[in-house]
Amino acid sequence: MSDCLFCKMVSGEIPPDKVYEDDEVLAFRDINPQAPLHVLVIPKEHIATLNDLDNAHRPLVGRMVQAAAKIAAQEGVDASGYRTVLNCNADAGQSVFHIHLHLLAGRQMHWPPG
Ligand code: 5GP
Ligand code: ZN
């Protein structure tokens, strides 16, 4: 999608600070990190919100979650722990409408989240 920020990262029009890539998934550091490690894992396919997922996307979502686990190991936080978050629409604070999994680590997380 031409006016989507994260599609521009996929195409390379805006170069991301990449930490992981495969044929279906791209991951890069968040521009405004909320923890010492804050990575966004996105599908290369444009999907606006979680509400737009269909059955064909099931393997892709699995790839996103597995990519997050791989990055956590790569960054050395797999044993200490990490949080994954997927925000959907206004009440969750979604601000970029191309689905993305937040991978947060490197500090103690709190519950419930804000
Ligand atoms: P949301 O609020 O939609 O769940 O998360 C969007 C995330 O994208 C935010 O954490 C925000 O900091 C991040 N973000 C917004 N613009 C950019 C950008 O240009 N580059 C990167 N790397 N992250 C961005
Ligand atoms: Zn997009």
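We number each residue from 1, following the sequence as shown. Quantities reported herein were computed from a predicted structural model and do not represent experimental measurements. All heavy atoms count here, side chains included; hydrogens, waters and symmetry mates do not. Counting starts at 1 for both ligands and their atoms, following the listed order.
A distance-only check finds no donor-acceptor pair linking the side chain of Glu13 to the backbone of Pro15 [under 3.5 Å].
Contact annotation: the side chain of Ile47 never approaches that of His98 to less than 4.5 Å [non-hydrogen atoms, C-beta and beyond]. Side-chain contact between Leu104 and Val85: present, with at least one pair of heavy atoms (C-beta onward) separated by less than 4.5 Å. Using a 4.5 Å heavy-atom threshold, the side chains of Asn89 and Phe97 count as touching. Taking 4.5 Å as the limit, some side-chain heavy atom of Leu40 sits within range of a side-chain heavy atom of Phe6.
For residues 37-60, every residue pair satisfying the salt bridge (charged side-chain N to carboxylate O under 4.0 Å, His left out) rule, not counting sequence neighbours, is listed here: Glu21-Lys44.
Contact annotation: for Phe6 versus ligand 1, heavy atoms closer than 4.0 Å belong to the side chain alone.
Contact between Pro16 and ligand 1 is absent, with no heavy atom of the residue lying under 4.0 Å from the ligand. Proximity of Gln34 to ligand 1 is not established, as no heavy-atom distance is less than 4.0 Å.
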Let me check something: any side-chain donor-acceptor pairs from residues 24-34 under 3.5 Å, sequence neighbours excluded? List them with distances.
from, atom 1, to, atom 2, distance (Å)
Glu24, OE1, Arg63, NH1, 2.9
Arg29, NH2, Glu75, OE2, 3.1
Asp30, OD1, Asn32, N, 2.8
Asp30, OD2, His38, NE2, 3.4
Gln34, NE2, Asn32, O, 2.9

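For the Zn ion (ligand 2), the neighbouring protein N/O/S atoms at less than 2.8 Å, given as residue and atom, are Cys4 SG, Cys7 SG, His46 ND1, His98 ND1.
Under a 4.0 Å criterion applied to the non-hydrogen atoms of Asn32, ligand 1 contributes the atoms 12 (O). Interface of Leu5 with ligand 1, defined as ligand atoms under 4.0 Å from a residue heavy atom, comprises 16 (N), 17 (C), 18 (C), 19 (O). Interface of Asn87 with ligand 1, defined as ligand atoms under 4.0 Å from a residue heavy atom, comprises 4 (O). Near Met9, the atoms of ligand 1 lying under 4.0 angstrom from a non-hydrogen atom of the residue are 18 (C), 19 (O), 20 (N), 21 (C).
No continuous path of hydrophobic side-chain contacts links Val96 to Met64 [ILVMFWY only; heavy atoms under 4.5 Å]. Using a 4.5 Å cut-off between side-chain heavy atoms of Ile, Leu, Val, Met, Phe, Trp and Tyr, with links allowed through other members, Leu101 and Tyr20 fall into the same hydrophobic cluster. Residue Val41 is grouped with residue Leu60 when hydrophobic side chains (ILVMFWY) are merged at heavy-atom distances under 4.5 angstrom, including chains of intermediate members.
When only non-hydrogen protein atoms are considered, atom 22 (N) of ligand 1 lies nearest to Arg29 O, 2.9 Å. Summary of contacts: the protein heavy atom closest to atom 3 (O) of ligand 1 is Ser95 N, 2.6 Å. Taking atom 14 (N) of ligand 1 as the reference point, the nearest protein heavy-atom neighbour is Ile31 CG2, 3.8 Å.
Checked by distance only, ligand 1 and His100 come closer than 3.5 Å through their nitrogen or oxygen atoms. The N/O atoms of Leu40, backbone and side chain alike, include none that comes under 3.5 Å of an N/O atom in ligand 1. For a threshold of 3.5 Å applied to N or O pairs, the pair formed by Phe28 and ligand 1 contains no separation below that value. Among the atoms of Asp30, some N or O lies under 3.5 angstrom from an N or O of ligand 1.
Listed by chain and number, the residues in a side-chain contact (heavy atoms from CB on, under 4.5 Å) with Ile14 are Leu5, Lys8, Met9 (sequence neighbours excluded).
A side-chain contact (heavy atoms from CB on, under 4.5 Å) with Leu53 holds for exactly one of Leu50, Thr49, Asn55; it is Leu50.
Within a 6.0 Å sphere centred on CG of Asp91, other residues, nucleotides and ligands contribute 12 heavy atoms or fewer.
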